[in-house]
Amino acid sequence: MTQAPLSAGQRSAIVVPDLAAVVEAATRRIVARIAQAPGRIAICLTGGSTPKPVYRRLAEEPYRSTVPWERIHWFWGDDRFVPLEDERSNAGMACAAFLDHLPIPPDNIHVMPTQLRDPHDAARHYQDDLKQFYGASRLDPKKPLFDMVLMGLGSDGHTASLFPHGEGLEERERWVVGVNEAKLAPFVPRVTLTFPALASTREMLFLVTGAEKRPMVARVFAGDDLPATHAYSDGAQVWLMDEAAAPEGVR
Ligand code: 6PG
């Protein structure tokens with residue numbers, strides 16, 4: 001495993017041999033964050049296919065019986081504006097992969113309300129939920145909203161549902177916005193946290209695997225104007241990648 005501090009702020013990269021090692025390392029980082037937090041814990045999940053094996057792993061031993069599940073609150077960085085039962089739902093995926101199989105109080109699972117009229121309405125309600133949980137309506141960098149935020153990288157450089165030339169990129173006030181048009185499949189409206197809300201965390205952990213992501217990782221680390229480049233964290237920002245995804249210079 002190599003850990004190379006990079007030039008862009010506090011962003012750092014961890015490169016491991018393959019997908020199995022990414023799953024193991026990600027799971028351990030999540031569990032370590034949980035172990036560090038004495039009271040209530042907040043974790044913001046991501047969608048897409050990469051985190052699914054991590055979620056499944058969390059529901060297995062030794063984590064299943066040792067993690068203080070009742071103390072953890074689960075949120076989402078973005079979701080597709082589809083019902084929870086729809087196979088494209090990020091929340092539905094995480095519930096099926098692990099949340100439904102663990103002793104988690106239902107009130108600790110903060111699903112985006114995609115049953116509402118439109119993604120903008122859902123965004124307003126989700127922002128209210130987040131503010132109520134946080135206990136203030138302005139984010140204080142010294143008091144992070146989340147203990148950990150998981151992130152993915154799209155093949156077009158998007159992260160969460162913040163797409164290149166898309167909606168919400170410039171938002172600095174609202175914590176959550178509706179996105180009418182997804183620029184990549186699935187082409188359904190989205191609800192997404194904005195950069196400042198995602199940044200309010202002790203650790204932002206990007207999970208990136210596979211050779212097809214490598215050119216985009218290279219562009220992010222070169223500082224190209226892409227949403228994933230603009231994602232920042234008030235705490236640490238860690239890119240956990242397999243060797244296939246890691247460009248020369250990052251490995
Ligand atoms: C979404 C995601 C999105 C995802 C990336 C990477 O709802 O589409 O949250 O931002 O993280 O597209 O997805 P993969 O892991 O499937 O490559």
Side-chain angles (χ1 to χ4, degrees), residues 16 18-20 22-23 25-27 30 43-57 74-84 86-99 110-114 119 122-123 126 146 148-169 176-195 197-199 201 204-220 226-233 237-242 244-246:
V16 295
D18 52 23
L19 172 64
V22 167
V23 172
T27 309
I30 295 166
I43 299 185
C44 185
L45 299 171
T46 181
S49 55
T50 314
K52 199 169 175 178
V54 177
Y55 298 164
R56 287 203 177 119
R57 185 76 189 96
W74 303 93
F75 294 88
W76 277 264
D78 74 313
D79 213 334
R80 292 87 182 261
F81 195 70
V82 295
L84 191 60
D86 189 296
E87 61 174 17
R88 297 166 294 184
S89 165
N90 288 341
M93 183 275 274
C95 287
F98 79 123
L99 299 174
H110 303 258
V111 167
M112 286 179 166
T114 54
Y126 206 60
F146 300 115
M148 184 170 249
V149 170
L150 299 179
M151 300 279 265
L153 174 69
S155 55
D156 58 351
H158 82 260
T159 192
S161 281
L162 295 159
F163 294 93
H165 311 291
E167 300 147 82
L169 294 173
V176 192
V177 294
V179 172
N180 292 317
E181 191 196 349
K183 307 263 185 187
L184 212 65
F187 294 102
V188 289
R190 311 290 184 100
V191 182
T192 188
L193 267 60
T194 57
F195 288 128
L198 292 164
T201 180
M204 175 177 279
L205 180 64
F206 274 85
L207 303 178
V208 189
T209 60
E212 66 285 358
K213 295 278 174 76
R214 189 190 296 180
M216 203 45 75
V217 177
R219 289 188 56 193
V220 170
L226 295 164
T229 312
H230 298 303
Y232 65 98
S233 168
Q237 187 185 125
V238 178
W239 284 63
L240 176 57
M241 296 176 268
D242 62 2

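Both counts, for ligands and for their atoms, begin at 1 and track the order of listing. In what follows, residues are counted from 1 in the order of the sequence shown. Note that these values count all heavy atoms, side chains included, but never hydrogens, waters or copies made by symmetry.
- Taking the six-membered ring for Trp, Phe98 and Trp74 have ring centres closer than 6.0 Å.
- Residue Pro51 places no N or O, backbone or side chain, under 3.5 Å from any N or O of ligand 1.
- The ligand atoms of ligand 1 that sit less than 4.0 angstrom from a heavy atom of Gly152 are 11 (O).
- When only interatomic distances are considered, the shortest N/O to N/O separation between His158 and ligand 1 falls below 3.5 Å.
- At a 4.0 Å heavy-atom cut-off, ligand 1 does not touch Ser155 at all.
- Atoms of ligand 1 found under 4.0 Å from any heavy atom of Thr46 (numbered from 1 in listed order, with element): 9 (O), 11 (O).
- For the ligand labelled ligand 1, residue Met151 lies outside the 4.0 Å heavy-atom shell.
- In terms of protein heavy atoms, atom 16 (O) of ligand 1 is closest to Ser49 N, 2.7 Å.
- The protein atom (non-hydrogen) at minimum distance from atom 17 (O) of ligand 1 is Lys213 NZ, 2.6 Å.
- Considering backbone and side-chain atoms together, Asp78 places an N or O closer than 3.5 Å to an N or O of ligand 1.
- Nearest protein neighbour of atom 15 (O) of ligand 1, counting heavy atoms only, is Thr50 OG1, 2.4 Å.
- When only non-hydrogen protein atoms are considered, atom 8 (O) of ligand 1 lies nearest to Arg80 NH2, 2.9 Å.
- Contact annotation for Leu153 and ligand 1: only backbone heavy atoms (N, CA, C, O) come within less than 4.0 Å of the ligand.
- Here the side chain of Glu212 pairs no donor or acceptor atom with the backbone of Ser155 at under 3.5 angstrom.
- The aromatic rings of His110 and Phe75 sit parallel to each other, their planes meeting at less than 30°, with 60° as the upper class boundary.
- The heavy-atom pair separating Met151 from Ala231 by the smallest distance is CE-CB, 3.9 Å.
- Nearest to atom 13 (O) of ligand 1 among the protein's heavy atoms is Gly48 CA, 3.7 Å.
- When each of Ile43, Val111, Thr46 is tested with Trp76 by the rule side chain to side chain contact (heavy atoms under 4.5 Å, CB included), just one qualifies, namely Val111.
- In this structure the side chain of Val149 never reaches within 4.5 angstrom of the side chain of Ser233, judged on heavy atoms.
- Within 6.0 Å of the CD atom in Glu87, the count of heavy atoms belonging to other residues, nucleotides or ligands does not exceed 12.
- A side-chain donor-acceptor contact under 3.5 Å links Thr114 to the backbone of Val82.
- Taking every non-hydrogen atom of Arg190 and a distance limit under 4.0 Å, the qualifying atoms of ligand 1 come out as 1 (C), 7 (O), 8 (O).
- Lys183 places no side-chain N or O within donor-acceptor distance of the main-chain N or O of Gly166, the cut-off being under 3.5 Å.
- Proximity to Ala160 (heavy-atom distance under 4.0 Å) selects the following atoms of ligand 1: 3 (C), 10 (O).
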